[in-house]
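Taking it in order: structure first as structure tokens, then the write-up.
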There are 2 protein chains.
Amino acid sequence: MSQHRHPGAPDRPGAVPALPDLPEATVARLPEYLRALHNLAETGHETVSSEGLASAAGVNSAKLRKDLSHLGSYGTRGVGYDVALLIDQIEYVLGLTHRRSVALVGVGNLGHALAGYDGFATRGFRIAALFDADPSRVGEEINGLVVRHVDELPGVAAEESIAIGVIATPAAAAQRVADQLVAAGVTSILNFAPCVLSVPDGVDVRKVDLAIELQILSFHEHRKASLTALPATGGSTLTALPGGLAVTDPQEAIGT
Amino acid sequence: MSQHRHPGAPDRPGAVPALPDLPEATVARLPEYLRALHNLAETGHETVSSEGLASAAGVNSAKLRKDLSHLGSYGTRGVGYDVALLIDQIEYVLGLTHRRSVALVGVGNLGHALAGYDGFATRGFRIAALFDADPSRVGEEINGLVVRHVDELPGVAAEESIAIGVIATPAAAAQRVADQLVAAGVTSILNFAPCVLSVPDGVDVRKVDLAIELQILSFHEHRKASLTALPATGGSTLTALPGGLAVTDPQEAIGT
DNA sequence: AGGCGCTTGTGAAGACACGCACAAATCGCG
DNA sequence: CGCGATTTGTGCGTGTCTTCACAAGCGCCT
């Protein structure tokens, strides 16, 4: 991904890079900055101010500057940040200087889509293998990859040096798959199954639950509905929503 | 999905239940508790302790108690929480007492999978309409729903009283679709496109970016690799982490 | 009835994150 | 060369989230 070799790019030659330990909140935003930076690079920008990058990434500029300051000082006062240099920096910190191989387990409805999602490839990842426990699915070819039986995981994981696994199985199978991934040497898991995984220390798990996202939105819908019902209460615990859940006219919110 | 009032539900008869304003972090965890509670209910548990529910939901028990305390006091000291009662409470707060209709825009690779994802239906949502801008896709039937052209959005949204929209289009089309959704009266958007959306006040947007999740994991892989490489360097401030933990904390400052 | 063990609910403290506001640094221009 | 315009990097106050630790409440057993 960092095809830019910027003059002055800070790759330490031989030395082992000092990886600063970043606040988790910062880490979660870096990919967002990176995407914005790639857009800027494509549209010909050489430098960008914190204000500009912040708005492109949808955050506050002070927050952005503080985030970037954790990586070191790679901006120039009075000018801004060098786009290509910053891309290299962030990609280095995120460990994207080499393409990482990912194993995807579960090629059902969702897994099938993930296998074909090109957003992974374009942002530094390679889906190196597909697995499923269902024998009737084994052998199927998706996007140029053949689905293998999940029992082959250990061998393939070693061969392809896979360190990241994606679980897209039903919830009931997820823990078992997680165990298999861990046993195969995988140390990071992205879990799409709606369940809690328990893994040993040293293994990172991130979870994406599509229904939960909707439920959070549902809460806000509920709240908005109850607020529009009573206009002006300054009271902290304003509350009581009068007269049931009557949905207010949706047209209301389209002000701006 | 307990549709309505539990026998012992604490809704004051005539009065309308107070909707407390909850910390955002709490809101994000409630769906997790809800899922765990449904599992417990199915396995015959009538009550559950904070410790039990917390471990089922993958959180700390003190945090869980504080979260639930924001909803009011629905536990019994010395006993625990009534599972069915708590389910009703959380579903009420999340606005899940009636099934919400969702519009899905973009039935490409990912959208197709989302349209067929049964996790939405089983957790309180109904995909009420599918849209796409590509005429060659319009008319296609997915899971019993016919794909319509995105221009039909306003009419259909009103008809089906849709308040939540899901965007599964390419990034380039996402902002335009968001505008159309807002114009059609949608006030909550779940965005799968890798880009920042700007929407008027009063409209909530949540974003799910699959590649970002992988990039965050990549960072942790990178960090783990650099740590094992140099066991005990006096690397400045490295560390602060007790032991070599790698606990997963799904919660990370996801604001609106 | 009374005591005992268990579990909730919460005050207080600590950790973390955010955003303001400003000093320090850099560039361009006269 | 110096000055003003611009933008970064950061110290600090503020607010939010997390965690601990314990008093208050409840049920059960004797």
Side-chain angles (χ1 to χ4, degrees), chain A residues 8 10 20-30 32-33 37 40 45-83 85-86 89-90 216 236-237, chain B residues 8 10 20-30 32-33 37 40 45-83 85-86 89-90 216 237 239-242 245 247-256:
Chain A
D21 54 10
L22 308 172
E24 198 57 33
T26 295
V27 174
R29 281 186 296 263
L30 287 181
E32 201 73 51
Y33 303 154
L37 284 165
L40 289 167
H45 296 70
E46 302 248 321
T47 65
V48 64
S49 70
S50 65
E51 197 71 50
L53 181 53
S55 80
V59 304
N60 172 305
S61 72
K63 181 152 53 178
L64 178 132
R65 286 199 299 277
K66 185 152 291 187
D67 282 342
L68 294 186
S69 78
H70 287 121
L71 313 185
S73 281
Y74 295 112
T76 308
R77 294 170 193 232
V79 177
Y81 298 91
D82 180 300
V83 172
L85 172 56
L86 202 48
Q89 265 310 302
I90 295 180
I216 294 172
S236 55
T237 44
Chain B
D21 51 77
L22 308 171
E24 195 56 37
T26 295
V27 173
R29 282 187 294 264
L30 287 180
E32 201 72 53
Y33 303 155
L37 284 165
L40 288 167
H45 296 71
E46 303 247 319
T47 65
V48 64
S49 70
S50 66
E51 197 70 50
L53 181 53
S55 79
V59 304
N60 171 305
S61 72
K63 182 152 48 178
L64 178 131
R65 285 200 301 277
K66 184 145 289 189
D67 283 342
L68 294 186
S69 78
H70 287 120
L71 312 185
S73 282
Y74 296 114
T76 309
R77 295 172 193 231
V79 177
Y81 297 91
D82 180 299
V83 172
L85 172 57
L86 202 47
Q89 269 308 307
I90 296 180
I216 294 172
T237 44
T239 195
L241 299 182
L245 90 170
V247 180
T248 319
D249 195 355
Q251 129 75 13
E252 94 264 347
I254 301 178
T256 345

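Quick note on labels: first sequence line is chain A, next is B, and so on, each numbered from 1.
The shortest distance between side-chain heavy atoms of A/Tyr81 and A/Leu37 does not fall below 4.5 Å. Contact of the A/Arg29 side chain with the A/Val59 side chain is registered, since non-hydrogen atoms from C-beta on lie closer than 4.5 Å. Two residues are said to be in side-chain contact when any heavy atoms from C-beta on lie closer than 4.5 Å; A/Glu24 and B/Ile216 meet this criterion.
In this structure, A/Asn60 does not reach the C/dA17 phosphate: none of its side-chain N or O atoms is under 4.0 Å from OP1 or OP2. Of the side-chain N and O atoms in B/Tyr74, none sit less than 4.0 angstrom from OP1 or OP2 of C/dT7. For A/Tyr81, no side-chain nitrogen or oxygen approaches OP1 or OP2 of C/dT26 to under 4.0 Å. Here A/Ser50 reaches the OP1 or OP2 of D/dT8: one of its side-chain N or O atoms lies under 4.0 Å away. Taking side-chain N and O atoms only, A/Ser73 has a distance below 4.0 Å to OP1 or OP2 of D/dG9. For D/dT10, neither phosphate oxygen OP1 nor OP2 lies less than 4.0 angstrom from any side-chain nitrogen or oxygen of A/Lys66.
Taking every heavy atom of both residues into account, B/Ser61 and B/Ala54 meet most closely at CA-CB, 3.5 Å.
Distance from the side chain of A/Ala62 is smallest to C/dA21 among C/dA21, D/dG9, D/dC17.
Protein atom CD of A/Glu24 is 8 Å distant from nucleotide atom P of C/dA17, rounded to whole Å. Put simply, CG on A/Asp21 is 16 Å from C1' on C/dA17, counting in whole angstrom units. Atom CZ in A/Arg65 sits about 12 Å away from atom P in C/dG19, given to the nearest Å. A/Leu68 places its CG atom 15 Å from the C1' atom of C/dC18, with the value rounded to the nearest Å. Rounded to whole Å, the distance from CG on A/Leu64 to P on C/dG19 is 12 Å. Put simply, NZ on A/Lys63 is 17 Å from P on C/dA21, counting in whole angstrom units. Between A/Gln89 atom CD and D/dG9 atom P the separation is 12 Å, expressed in whole Å. Atom P of nucleotide D/dT8 and atom CG of A/Leu86 are separated by 11 Å, given to the nearest angstrom.
Of the two residues near DNA chain C, B/Glu51 and A/Gly78, the one whose nearest nucleotide lies more 5' is B/Glu51.
Between the base of C/dT26 and the side chain of A/Arg77 there is no donor-acceptor pair shorter than 3.5 Å.
Just one residue in the list A/Thr47, A/Val83, A/Leu64 forms a side chain to side chain contact (heavy atoms under 4.5 Å, CB included) with A/Leu53, and that residue is A/Leu64.
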